[in-house]
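Values below: every heavy atom of this structure, side chains too, minus hydrogens, waters and symmetry copies. Chain letters run A, B, ... following the sequence lines, proteins first and then strands; every chain starts at 1. Just so it is clear, the model here is predicted, and its values are computed rather than measured.
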Amino acid sequence: MYAEVIVDVAAYPIDRPFDYLVPEQYRELIESGSRVKVPFGNRQVLGFVTALKSETDVPTDKQKPIGELLDIEPVLTQEMLEMTKWLKRHTLCYEIDALQVMLPSALRAKYEKILGIVDHNVDLPQSVQALFQQREHVELKVDESKELLSLIKKLVKEDILSLETSIKQKTAVKKVRMIHIESDLERLKTVYDSISNQAKKQKDVVKWMMDHPGERIVSADLLKQLSTTNAVLQAVIEKGAATLQMEEIYRDPYADRTMDKTTKLALTNEQHLALSEIIDSYDKQEAKTFLLHGITGSGKTEVYLQAIERALLDDLEAIVLVPEISLTPQMTNRFKERFGSLVAVLHSGLSTGEKYDEWRKIKRGEVKVVVGARSAIFAPFQNVGIIILDEEHEGTYKQDDSPRYHARDVAIWRSEYHNCPVILGSATPSLESYARAKKGNYTLLTLANRPKEQALPEVSVVDMREQLKNGNRSMFSLELAEAINVRLDKQEQMVLFLNRRGHSSFVLCRDCGTVVECPNCDISMTYHRHQEKIKCHYCGEESQVPHTCPECSSEHIRFFGTGTQKVEEEIARLFPAARVLRMDVDTTRKKGSHEHILKLFGEGKADILLGTQMIAKGLDFPNITLVGVLSADTTLHLADFRAAEKTFQLLTQVSGRAGRHDKAGEVIVQTYTPEHYAIQFAQHHDFVPFYNQEMMNRKQFLYPPFTYVVLIQITHEDVLMTAEYAHKAANWLRDNLTDQSEIIGPTASSISRLQNRYRYQCLIKYKKEPTLPEVLQQLTRMYRTDWMKKGILMSIDLNPSSIM
DNA sequence: AGCACGCCGACT
DNA sequence: GTCGGCGTGCTC
């Protein structure tokens, strides 16, 4: 018996199955989808069994047996194995990357080099002895000095030391010491009597146990409750009053929270119509994709909940994706409230262990609904009944490193596998999805009204050029300042939005015009006043604020541009009575701080919630009556064909935060380009006219959804090398693709250097290009066999979410 | 001769 | 990706 194994090595010639002999003792147990340890070259690596067979073409002298079978229950389902092949083809990634992306990171291998002493008669050199410090075995870290490493290598060769790789799972299953108390009271009594009166503590413990016969309790809890020590407990166990067992437990991030269960809400006609179309298709077991276009506050979530309820009736499972879920506890809570313990939550705020435990609950079918961010689309359910992507237009559904998959594509693939519907929901659908819905590839469902018929908030656009002309140089227009004062008087809440964190976005010398740039990236450093530092938002570089110009030594250094920190200060100056909560990457770094800020705001502990785009989505507080967008221009002028679309989406989403309940909402948008159609249409909540206008632009410049694009990015530490290979790539594409494709570039990327690597890119635009998969595969091969060795890094992104 | 370093190819 | 093998060139 042989197993085809994909080994945990990402390299071009390795990117295929290797055949291994299955040892006798594993023949009954092994299944495809299990992890194994295998000898590979002269080391041990982790691998995934993708198939079993009785024959092989591999000559006998090259056949090696599997070292160890790691899973009795395979970690990969058959569906995942099929999905892997599809992912590999469609994202041009290594098969091993496709496999690993479907599993929680806890299951990834952790390789350790273990150094041991073989010959004790040899005196080891001082430096090696220091490493061992009397121990028999130590872990050898790669960051030891070169001299030491080569010395060790020599000693290993001479058989004085031994070097082995150990493979461990990154995070283990959490276990607790569980005490099982003897259930036979008589026997407990006997034990009690047998304990000498001197062992008072032991008597106490057994006495307590006699009140709790047959119960189970976690060892630590028992010790705490009886304020005793492990020694006492051990003695009691030895006498037979209880037994100790290691038991698996789940780390539960929601352990200390209780929630009131909610029941179905009554649906509006529109909601009902949408739901019955979905359920119809569900009943027919169609793999149909719905685009649920519902204005903000129109009750999309209730439609999701009731569609899921239908699937649960048949004991099928549901996957719900939300964009970066930890940002929207309000959203996850709605699922927890409706479906209680049937819900697993997967998001980036959980620890590796917590994610692993949620994953195991899903795998074992202990939960039926998973709510999670992008990677939750790989939830290991076996009987999926419905898949939902909320805010389907969000860029976070596209993974921006290998494998560069889009959760929407995976969702549709899985829906075809399980014959179940997919619901894509949004108030501002992506142009791609809306175009597909109009063409009939997706089924369009529309919710044009809010359930309680609340009006959409009034949006006014303020021309900041006029403010400047009238002598107002503040970042608050008169209109916005007035509106803020009104809310402060009425004790209503506000959300202020600015898509830029930090204090000032650049530091400029007024004498020579120098802007302080990051030493590793071609990007200006942002001033952060709280730590009195300047930071690069791309690579994390930090340094002291210069007091003189690094170029000309002038002291006329000034800070320009506005970030959330500066706005916070301005609010304190202009509205001293206002209580402000700032929410951006800088204030939400700690685990749970996100929820904490929102909780404070929900309890009315602040008047103003000031933040970056993380506050644009999902907030639902009844007392918010004003939303202020301090500058709508930040996203509008990016060098990306989706800039207008992103701006429209953002404005519509933030506007939706106001007036969701009884009180009417107002939105004030400040901009230097009020005439721009994205701002105009967002002002009037006009998605369809915006869509039509934007489609005309896309058509004119041949951008998606009229074409498909592929972004190819080349980076290297040396500019000339970067440019050279970018040209090579572009020329190769021009020579090999048909003239149905347009190849743009190479050009320097808009951030031309990042983390000390220069960046060039080219773009392929095509409507139909039958040769594309083949050509890209060949380009990848050239890169992996040849260019990589020269330090070039190349990435190919099909349907990139941004071309910057 | 003895070894450091870089390049090449193999890995079931 | 990571190892060993092998060639080149430098040093004692």
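Less than 6.0 angstrom separates the ring centroid of A/Tyr405 from the ring centroid of A/Phe378.
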Tell me which donor-acceptor pairs under 3.5 Å the side chains of residues 44-55 of chain A have, and how far apart each pair is, sequence neighbours excluded?
| from | atom 1 | to | atom 2 | distance (Å) |
| --- | --- | --- | --- | --- |
| A/Thr50 | OG1 | A/Glu4 | O | 3.4 |
| A/Lys53 | NZ | A/Glu4 | OE2 | 3.0 |
| A/Lys53 | NZ | A/Asp19 | OD1 | 3.2 |
| A/Lys53 | NZ | A/Asp19 | OD2 | 2.9 |

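Applying the salt bridge (charged side-chain N to carboxylate O under 4.0 Å, His left out) test to A/Lys765 and every residue at least two apart in sequence or in another chain returns nothing. Taking the side chain to side chain donor-acceptor pair (under 3.5 Å) definition, one finds that A/Glu774 meets it with A/Gln778, sequence neighbours left out.
In this structure, CD in A/Glu31 is found 11.5 Å from OG1 in A/Thr77, a value given to the nearest 0.5 Å.
Applying the salt bridge (Lys or Arg N to Asp or Glu O under 4.0 Å) test to pairs two or more places apart or on separate chains, those with a residue in residues 751-763 of chain A are A/Asp522-A/Arg753.
Remark: the backbone N or O of A/Tyr766 is not paired with any side-chain donor or acceptor of A/Gln740 at under 3.5 angstrom.
Taking 4.0 Å as the cutoff to heavy atoms of chain A, we find the contact window on DNA chain C bounded by C/dG1 to C/dG4.
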Classify every nucleotide of nucleotides 6-12 of chain B by which part a protein heavy atom approaches to under 4.0 Å, writing B for the base, S for the sugar-phosphate alone and - for neither, in 5'-to-3' order. -----BB
